[in-house]
Amino acid sequence: MTTQTIPPVRDLRFGELPVDARIAGALKAMGYTSPTPIQEEAIPSLRSGRDVIGLARTGSGKTAGFGIPIIEAIRTNERRVQALIQTPTRELASQVATMLNALGRQSGVRVVAVYGGVGMQAQINALRGNAHVVVGTPGRVFDHLTRGTLDLRQTRFVVLDEADRMLDVGFAPAIDKILGHVTGPRQTALFSATFPGEVESLAARHTKDPVRIAVDAPGAALETLEERFVRVVAGNDKTDTLHDILIHDECNLALVFRRTTHKADKLALDLERRGFKVATLHGRRSQAQREKALGALRAGHLKVLVATDIAARGLDITGLTHVVNFDLPDTAENYTHRIGRTARMGANGIAITLVAPEDEAELRDIQRKLPPAPGRETPAAEPRRGAIQRAVGRQSRNDDRPGQRQPRRNDGQAPRDRTRFSEQGNGWRRDARPSGPRAGSDHGSAASTGAPYYPFRSRSAGARG
DNA sequence: AAAAAAT
């Protein structure tokens, strides 16, 4: 008779949160020891059975915030797809599936990624096996539904990751069709770092009396991120400025955004000629090329990845020190998501936006829509002589970054922001009057307007009664 | 106007 090793009964808590022992084990193996604020809020809410709209900054742990309660609710003895997570890009679907797989490993939960650009048969086989959780992009998910190779009739959890993107015009019809196949009772969760007013009505269509978790104002700044703006004077080449950024000591790994696939390719070619290890990621490349590029970036084999907004949302790349907006993002939301590829989970990061004279007006539009924060440049700021050299050459504020990899904060605790927010107009405004003494900032004018204050972490039902 | 997402 074999002696079974019974694991000691400990680690049944994730910080203050009680968690399933197998999940506690998985979390420990993943290096997480206590929940981030969004996890502290989202996990109990999802456990309670309520729908959730969760807003929290980029890199603050949203994936585990829905992943943990879903994994622990999966009945592994039932061979049914019990949870569906939808993402806007294939790479994000893959990344989320990897994370959920790690969370569910010790629980016997089977997670299957379902997205286009790769063979159908392997996915069909995986789905025919014991798939408990499906993470996918809408096109391929719908394809499986019409072929009858995916059955969502027993699905009890639906998550729209990057929810504002999934509900916008490009995706909404596909999401509607897919959710039409989820015929049983279900819990719906929407998560994002941005949530523009326009998507509120769409969100209401897909959720019932949701718990609204606003750990951070949509678009809120990150304390560990330094946002810089480099004015490139007329006639000057942005590529030269980018070159200067890349060769600077503090730049380990950079993600550079361009607005079109063609421009991304062109810049990558230029950088290659200049001797940089570079790859491109955009939607006109084959899935094999895309995966190779992202894999090389994650493995640290590249200096720089040039991408379109395909890489703007969700991707978590360890060691990414710099995000460069070579071309301006098209919206304030995209600005927030792009720069949020760095400075994740308490790590430091630098985001540099290259600004040509013709970009100025558009940049001002973007900045006007962002919650102001100490350290975040405001539209009023005037470009000054010598600003380029200073911005490129300046050392990072908290320079504790070692050569290769950024340290993950191993206490699992993203820095907590005590700033309060006031709701004004259609958006959220950062109100710089903290609970303590006033920080040396000039962004606090809203504090004296008598606007109502809402608690920093608000938990109110969507519709006020 | 562009990018993404099914083929």
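No experiment lies behind these values; they were computed from the predicted model shown. Chain letters run A, B, ... following the sequence lines, proteins first and then strands; every chain starts at 1. Atoms considered below: every heavy atom in the structure, side chains included; atoms not considered: hydrogens, waters and symmetry mates.
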K.L.:
Among residues 263-272 of chain A, which ones have heavy-atom contacts with DNA chain B below 4.0 Å?
P.N.:
none

K.L.:
Is A:Thr146 touching bases, backbone alone, or none of the nucleic acid, heavy atoms closer than 4.0 Å?
P.N.:
nothing

K.L.:
Where the side chain of A:Ser192 meets the backbone of A:Thr194, is there a donor-acceptor pair that is under 3.5 Å apart?
P.N.:
yes

K.L.:
Could you work out which one of B:dA4, B:dA1, B:dA5 sits closest to the side chain of A:Thr308?
P.N.:
B:dA4

K.L.:
Whole-Å distance between B:dA5 C1' and A:Leu92 CG?
P.N.:
13 Å

K.L.:
Side chain of A:Phe142 only, heavy atoms from C-beta on: which candidate in B:dA6, B:dA4, B:dA1 is closest?
P.N.:
B:dA6

K.L.:
Rounding to a whole Å, what distance do you find between A:Arg285:CZ and B:dA3:P?
P.N.:
15 Å

K.L.:
A:Leu150 CG to B:dA6 P: how many Å, rounded?
P.N.:
13 Å

K.L.:
What verdict does the salt bridge (Lys or Arg N to Asp or Glu O under 4.0 Å) test give for A:Glu362 and A:Arg364, after you've listed the backbone C-alpha separation in whole Å, the side-chain angles of each residue and the deciding distance to 0.1 Å?
P.N.:
CA-CA 5 Å; A:Glu362 212 173 332; A:Arg364 244 183 294 278; over 6 Å; no

K.L.:
Give one of base, sugar-phosphate or nothing for A:Arg290, where a contact means two heavy atoms less than 4.0 Å apart.
P.N.:
sugar-phosphate

K.L.:
More than 12 foreign heavy atoms under 6.0 Å from CZ of A:Arg186: is that the case here?
P.N.:
yes

K.L.:
Side chain of A:Arg165, heavy atoms from C-beta onward: which of B:dA6, B:dA5, B:dA3 has the nearest atom to it?
P.N.:
B:dA3

K.L.:
Return the minimal non-hydrogen interatomic distance between A:Thr137 and A:Gln86, and the atom names on each side.
P.N.:
C-OE1, 4.2 Å

K.L.:
How many whole angstroms separate atom CZ of A:Arg313 from atom P of B:dA2?
P.N.:
20 Å

K.L.:
From B:dA4, B:dT7, B:dA2, pick the nucleotide closest to the side chain of A:Thr260?
P.N.:
B:dA2

K.L.:
A:Gly170 near the nucleic acid: base, sugar-phosphate alone, or nothing, with a heavy-atom cut-off under 4.0 Å?
P.N.:
base

K.L.:
Identify which one of A:Arg259, A:Lys263, A:Arg258, A:Lys238 satisfies the side chain to side chain donor-acceptor pair (under 3.5 Å) criterion when paired with A:Asp327.
P.N.:
A:Arg258

K.L.:
Hey, are A:Arg75 and A:Gln82 close enough side-chain-wise for a donor-acceptor pair under 3.5 Å?
P.N.:
no

K.L.:
From the options B:dA1, B:dA4, B:dA6, select the nucleotide whose nearest atom is closest to the side chain of A:Asp143.
P.N.:
B:dA6

K.L.:
In whole angstroms, how far is the C1' atom of B:dA1 from the CZ atom of A:Arg259?
P.N.:
8 Å

K.L.:
Is any side-chain nitrogen or oxygen of A:Thr137 closer than 4.0 Å to OP1 or OP2 of B:dA6?
P.N.:
yes

K.L.:
Between P on B:dT7 and CZ on A:Arg147, what's the gap in Å once rounded to a whole number?
P.N.:
9 Å

K.L.:
Scan A:Arg298, A:Arg313, A:Arg290, A:Arg285 and name whichever one has a salt bridge (Lys or Arg N to Asp or Glu O under 4.0 Å) with A:Glu91.
P.N.:
A:Arg290

K.L.:
Ignoring hydrogens and angles, are the base of B:dA5 and the side chain of A:Arg90 linked by a donor-acceptor pair under 3.5 Å?
P.N.:
no

K.L.:
Rounding to an integer number of Å, can you tell me how far A:Arg338 CZ sits from B:dA4 P?
P.N.:
12 Å

K.L.:
Give a yes or no on whether the ring-centroid distance for A:Phe191 and A:Phe66 is below 6.0 angstrom.
P.N.:
yes

K.L.:
How many Å lie between CG on A:Asp161 and P on B:dA4, as a whole number?
P.N.:
18 Å

